[in-house]
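Everything below concerns the one structure shown next.
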There are 2 protein chains.
Amino acid sequence: MEEDKLVCAENCPHINKINKVKEREPKADEYAKLSNVFKLFSDETRLKIICSLLKEELCVCDLCELLNLNQSQVSHQLQLLRNSKLVKFRRDGKQIFYSLNDKHVELIIQMALDHILEEEEKNELL
Amino acid sequence: MEEDKLVCAENCPHINKINKVKEREPKADEYAKLSNVFKLFSDETRLKIICSLLKEELCVCDLCELLNLNQSQVSHQLQLLRNSKLVKFRRDGKQIFYSLNDKHVELIIQMALDHILEEEEKNELL
DNA sequence: ATATCATATGAGTATTCGTTCATATGATTA
DNA sequence: TAATCATATGAACGAATACTCATATGATAT
């Protein structure tokens with residue numbers, strides 16, 4: 001008849017800490033949006049597309065050539081990026097040119113690169 | 001007998017642009033590392049764990065209580081974060097306390113939050 | 001020593017997600 | 001108005017992955 005125990009018995013959970021964390025945490029829907037953004041960056045193919053668009057507006061076939069991917073692959077990934085408004089696009093005749101829709105993208109990638117570089121430095125010290 | 005055509009025929013691919021992009025792009029192994037980092041942030045459960053650890057060192061059972069997750073779930077996700085060196089941990093008696101291992105984590109999340117907020121502002125203008 | 005507590009880990013399952021193949025759409029050119 | 005070009009889209013398949021359940025481990029307390 002005991003209830004399932006979620007928390008450990010004694011000192012734990014540390015209620016003070018937990019309340020402190022709860023105050024500052026993102027809202028429930030922000031977690032969903034955040035994880036969705038990171039999901040877009042988490043696939044190597046998409047990430048390459050995003051990085052390619054960092055500096056230059058490019059058409060689908062530029063991306064295919066640049067990244068050595070087939071057209072369907074690129075278009076499918078671009079659709080995901082479009083749906084999340086991470087990229088914008090304009091048609092010019094038969095071609096469609098994509099570009100990034102938000103200046104934060106570059107910052108996010110730069111922070112992650114800094115993180116990776118620090119990891120590498122740590123490893124070199126071993 | 002024709003080869004599969006990867007690029008469009010005429011103006012495209014825009015060789016100048018492509019070369020320009022190629023100069024600045026991350027190296028091949030950096031893409032893999034980058035996407036792995038973002039993959040860690042891309043699951044909502046892991047993201048909640050990471051955000052909880054932003055301000056406070058917490059034990060497993062704190063995280064269970066705080067996020068309303070079962071112990072196995074939390075431990076499995078912590079293992080992924082450990083393997084990628086995103087968190088560090090110390091044992092104190094029966095409990096194990098986790099904390100973030102890198103100051104860039106907060107910056108990455110903050111940039112992503114800024115991105116989301118800007119998206120929301122754009123939507124409100126409609 | 002044994003029981004209990006906090007956490008870790010392995011296997012199995014279900015779901016998510018990326019790629020491929022085939023086809024559709026929408027614009028241009030002949 | 002056909003044919004072709006650039007891109008989009010749908011369905012199917014396979015791989016990756018998150019969760020659950022059961023069990024193992026390592027520390028403490030009795």
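Lettering of chains follows the sequences in order, A, B, ..., and the numbering in each one begins at 1.
- Of all the residues in residues 78-87 of chain A, A:Q79, A:R82 reach under 4.0 Å from DNA chain D with at least one non-hydrogen atom.
- A sub-4.0 Å separation between OP1 or OP2 of C:dT19 and a side-chain N or O of A:Q77 is present.
- No donor-acceptor pair under 3.5 Å is formed between the side chain of A:D62 and the backbone N or O of A:L58.
- Annotation: salt bridge (Lys or Arg N to Asp or Glu O under 4.0 Å) contacts involving residues 103-112 of chain B, sequence neighbours excluded, comprise A:E118-B:K103, B:K55-B:E106.
- Defined by atom type and a distance below 3.5 Å, a donor-acceptor pair is missing between the side-chain atoms of A:Q79 and A:N83.
- We find that NZ of A:K94 is positioned 13 Å from P of C:dA27, with the value rounded to whole Å.
- In this structure, A:K39 reaches the C:dC17 phosphate: one of its side-chain N or O atoms is under 4.0 Å from OP1 or OP2.
- For the pair B:Q95 CD and C:dC5 P, the interatomic distance rounds to 13 Å; values are reported in whole Å.
- Residues forming a side chain to side chain donor-acceptor pair (under 3.5 Å) with A:N101 (at least two apart in sequence, or on another chain): none.
- With sequence neighbours left out, the side chain to side chain donor-acceptor pair (under 3.5 Å) criterion links B:S52 to no other residue.
- Sequence neighbours left out, the pairs with a member in residues 41-81 of chain B that pass ring pair (Phe, Tyr, Trp, His ring centres under 6.0 Å) are A:F38-B:F41.
- In this structure, B:Y98 reaches the sugar-phosphate backbone alone: every heavy-atom distance under 4.0 Å involves primed, P, OP1 or OP2 atoms, never a base.
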Tabulate protein N/O versus nucleotide N/O from nucleotides 20-25 of chain D, keeping only pairs under 3.5 Å, one per line.
from   : atom 1 : to    : atom 2 : distance (Å)
D:dT20 : OP2    : B:N70 : ND2    : 2.7
D:dT20 : OP2    : B:Q73 : OE1    : 3.3
D:dT20 : O4     : B:H76 : NE2    : 3.3
D:dC21 : N4     : B:S72 : OG     : 2.6

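- With rounding to the nearest 0.5 Å, the separation of CG in B:L81 from CG in B:L86 is 5.5 Å.
- Rounding to whole angstrom units, CD of residue B:E44 and P of C:dT15 are separated by 18 Å.
- Surrounding NZ of A:K122 are more than 12 heavy atoms belonging to other residues, nucleotides or ligands, all under 6.0 Å away.
- Within residues 30-38 of chain A, no residue places a heavy atom under 4.0 Å from DNA chain C.
- The side chain to side chain donor-acceptor pair (under 3.5 Å) search around B:Q71 returns B:S75, not counting sequence neighbours.
- Taking atom CG of residue A:D43 and atom C1' of nucleotide D:dT17, one finds them 14 Å apart after rounding to whole Å.
- If you check the side chains of B:D102 and A:H115, you find a donor sitting under 3.5 Å from an acceptor.
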Dot-bracket encoding per residue of DNA chain D, Watson-Crick/G-U cut-off under 3.5 Å, | denoting interstrand | ||||||||||||||||||||||||||||||
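- Rounding to whole angstrom units, CG of residue B:L40 and C1' of D:dA18 are separated by 14 Å.
- Using a 4.0 Å cut-off, some side-chain N or O of A:R46 falls inside it from OP1 or OP2 of C:dG18.
- For B:K20, the salt bridge (charged side-chain N to carboxylate O under 4.0 Å, His left out) partners two or more places apart in sequence, or in a different chain, are A:E56.
- Taking the nucleotide of DNA chain C with the nearest heavy atom to each of A:R91 and B:F89, the more 5' of the two is matched to B:F89.
- Nucleotide C:dA6 holds its P atom 16 Å from the CG atom of B:L58, rounded to whole Å.
- Note on A:F97: nothing from the nucleic acid sits closer than 4.0 angstrom, heavy atoms only.
- Salt bridge A:E119/B:K33: absent, no basic N to carboxylate O contact under 4.0 Å.
- Across the protein-nucleic acid pair, A:D62 atom CG and D:dA6 atom C1' stand 12 Å apart, rounded to whole Å.
- Atom-to-atom, CD1 of A:I96 to C1' of D:dT9 comes out at 12 Å; the value is rounded to the nearest Å.
- Each ring pair (Phe, Tyr, Trp, His ring centres under 6.0 Å) pair with one or both residues in residues 79-101 of chain B, not counting sequence neighbours, appears once here: A:H14-B:F97, B:F89-B:Y98.
- Every residue two or more places apart in sequence or in another chain was checked for a side chain to side chain donor-acceptor pair (under 3.5 Å) with B:K88, and none qualifies.
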